[in-house]
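See structure below.
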Protein chains: 2
Amino acid sequence: MNEIRPIRAKSGTNQEGASAHNRRVMIDALRLNGQLSRADLARATALTKQAVSNIIEELENDGLVASLAAVRKGRGQPSTPYRLVPEGAFAIGLQIDRHVTRTIAVDLVGTVLARKEANLPAGGPAKGVETILALIAETRRELEAIAPKSKDRLVGLGVAIPGPFGIEADQDDPWMMAAWQSFPLLDALSIGTSLDVRLQNDAAAAATAEKLVGAAHGVDHALCIYLGYGLGAGLILNGELYRGANGNAGEIGMILSRPPGGADADRAPLEHRASIASLCKILDLDPADPELYGRIDAAAGAPEARVATWVADIAFELRAAIQILETVFDPQTIILCGGMPRGLARRLLDALHPLLPSIAERRGRSAPRLQLGFTDPWAVAIGAAAEPISRTFDPRFSAILKTRAVGAA
Amino acid sequence: MNEIRPIRAKSGTNQEGASAHNRRVMIDALRLNGQLSRADLARATALTKQAVSNIIEELENDGLVASLAAVRKGRGQPSTPYRLVPEGAFAIGLQIDRHVTRTIAVDLVGTVLARKEANLPAGGPAKGVETILALIAETRRELEAIAPKSKDRLVGLGVAIPGPFGIEADQDDPWMMAAWQSFPLLDALSIGTSLDVRLQNDAAAAATAEKLVGAAHGVDHALCIYLGYGLGAGLILNGELYRGANGNAGEIGMILSRPPGGADADRAPLEHRASIASLCKILDLDPADPELYGRIDAAAGAPEARVATWVADIAFELRAAIQILETVFDPQTIILCGGMPRGLARRLLDALHPLLPSIAERRGRSAPRLQLGFTDPWAVAIGAAAEPISRTFDPRFSAILKTRAVGAA
DNA sequence: TTATTAAGTCAATTGTCTTGACTTATTTCT
DNA sequence: AGAAATAAGTCAAGACAATTGACTTAATAA
């Protein structure tokens, strides 16, 4: 009998893996610096001029980079800077929220080229998927009208859906979107769109957006607190989005916390008290209302005592959460983002200060401990769209490795 | 004027980087699986038989792996398994604690070959370094007596020191070991030993030990809660130790928390209530007592009400901390380790159950949510010694990349 | 005895980066 | 002006490490 035992091992790599990584590094460097000459790139990446030359030539042929006018910067031959070509790649993002779904089309540099929104019909995922597929198809048509090249250069469909994933959720708990969790969404979308589809939770998507085109651009260690209908955090660690063992890392809304002055038995998920959902409750708003955002905006603009209470309460909770996150992750910065009116986000940011003391209080900080990120309702959809771009073009450890034939875990 | 602007970029790689990675992957696979044939390795790493053959031959010449007797496992030529050679590499670990310092020598597979302990003299780091260098020298002599090869095969010196690092600490706060923090320890040790020296905090060291030879062996997402004189956590994310932006990730002892029933103003660092230091306070023990461990052991064995109180109190705090860590990191398992008697650790583990509900409660878990790791006073020193081994031989993203000439962040 | 299966080697090939010399274009010095 | 210095970028050969496909070896199964 040959006993077949699973062998645990990481996979190896070869020249192809190295080459793929180097291409990604070039694109990343151009994304971060706007434009660089071949010589700049060689210095920045520690590769030789010649290697860079070959790779840039290849990327130029692939339509991903293009040269700009030569610039004289002193003695020596003028350099020819290169930049990313926005039309080099496109991606579609899909946000599925509790009551609404949104699609977005972006290009290689993260510019939004099309956006669509629809309310999710009653009847659960089976019905909802039809709406979604129609919305995606519409978005693709619109994108192709603007950028005909996109037809052959769509690198994937990123999907953002509120987490957490795969837990034993109460099927009736509206927080969980349990029906969607158990629905074979990935398959339905893969078949329905013929695109490469990946799931993220909404906080991770928000973080992806901040990483590609926002405040986390080029920051290796950043946390994005996402305050939406629920509460979550997207973790950027070592320059990559961290997903955890089951894709649930950062689900800070599920932290059990005692309300101020409350007893231990009063522990409840943080997001029950700190989220747009809690604001809806305080303001007696229907979360399913298509005009929700406008109503919140109106309430936040008016001298509304209940909003002030919510801001104060949520600031209390978030201060503690921020202190914990800073302590546990030691990030360069924390970015507050979410689907709420900008004015409300600003008020919240103000209310959060002064922050609690933490190890983040150090001399010579280059970034603020806490800053504002994207705060419009489209942030998650943008992040969803950014995911395929990031996955395809950003340097990542796993992109170097060969895909393994055997092995587990 | 040529304006010199820093270019932000990740570095590239080449065949050498790929080759170095593949060597690490081989060693990692052998470490995880005990012994594997070349064909096994080829399947596990997705490399070709030929590539594996070449690498294994090289590793064999380097004295890092060796073949075992061929085994027949059915039809076909018998396979020749390979294993790691313990004498292939050695490392020294140094733990500097508040009142004591320890050194350890380990080999490639993590076996402890020598250990030394000394009390740190009064007079601060300047004086302490002399003690430490003498201890290291003694350890090296002892190691060389046991394993003469170690002279040429010492890959580094790992140092574990209580964190956090680089914060604006009160110089008189005994928690902070501020004097050591500001002392140029790295330089002193580098010069004094001519070894490659790296610093970690003690919790990270404990996690490194668990990763190399303990409960986190082969686990990609694990957290080690380290309960020593202070409280910290070592984070293993994607199979690598995560350090954060400033090497302070996991310093959960610095989380500000309200005591049960306490007011907001009572917030204090978690480790003030949850650590061996808090036990010392309860038991009226002098932390500087060289016999501290024995005294704690005695108290924990006796029917001592104060110990029971401490266990209950600390379990209360740690339950909340564990729930937070599970929620935030989504790990496969959490390992409880620290410098305390095994019996006490067991009592604490029991007292922690039932754990608070979290996203970690899922069907089909393969590892327990919480398990016991190393709990002897040498755990941190072992981890310190494991660090150079891990750094030199474990697969890591950064090991693939070229070292960059220019560029920042 | 023969076929089948699997481990492992041999030798040639491929792909990607490196090396070192060279060309081109510009500024600075004399 | 002319020469020297400096920097960007190319050319062509070389090095390195994995791949490819045929081959050898050694076992079990038919």
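What you see is a predicted model, and the numbers here were worked out from it, not measured in a lab. Quick note on labels: first sequence line is chain A, next is B, and so on, each numbered from 1.
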Base, sugar-phosphate or nothing for N22(A)? Non-hydrogen atoms, less than 4.0 Å.
sugar-phosphate
Would you classify A51(A) as touching base, sugar-phosphate or nothing, given that sugar-phosphate means primed atoms plus P, OP1 and OP2, and contacts are heavy atoms under 4.0 Å?
base
Any side-chain N or O of [X] less than 4.0 Å from the OP1 or OP2 oxygen of [N]?
X       : N       : value
N14(A)  : dG15(C) : no
R43(A)  : dA8(D)  : yes
T48(A)  : dC17(C) : no
K402(B) : dT18(C) : yes

Give a yes or no on whether a donor-acceptor pair under 3.5 Å exists between the nucleobase atoms of dT16(C), that is its base, and the side chain of Q15(B).
yes
Please list, by residue number, the residues of residues 78-85 of chain B whose heavy atoms come closer than 4.0 Å to an atom of DNA chain D; answer none if no residue qualifies.
P78(B)
Which listed nucleotide ([options]) is nearest to the side chain of [X]?
X      : options                   : answer
R75(A) : dG8(C), dT26(C), dT28(D)  : dT26(C)
R72(B) : dC17(C), dA18(D), dT28(D) : dT28(D)
A39(A) : dC17(C), dG9(D), dG8(C)   : dG9(D)

Can you measure L401(B) atom CG to dC17(C) atom P for me and round it to whole angstrom units?
14 Å
Tell me: CD of Q50(B) to C1' of dA11(C), nearest whole Å?
9 Å
State whether the side chain of R243(A) and the backbone N or O of L235(A) hold a donor-acceptor pair below 3.5 Å, judged by distance alone.
no
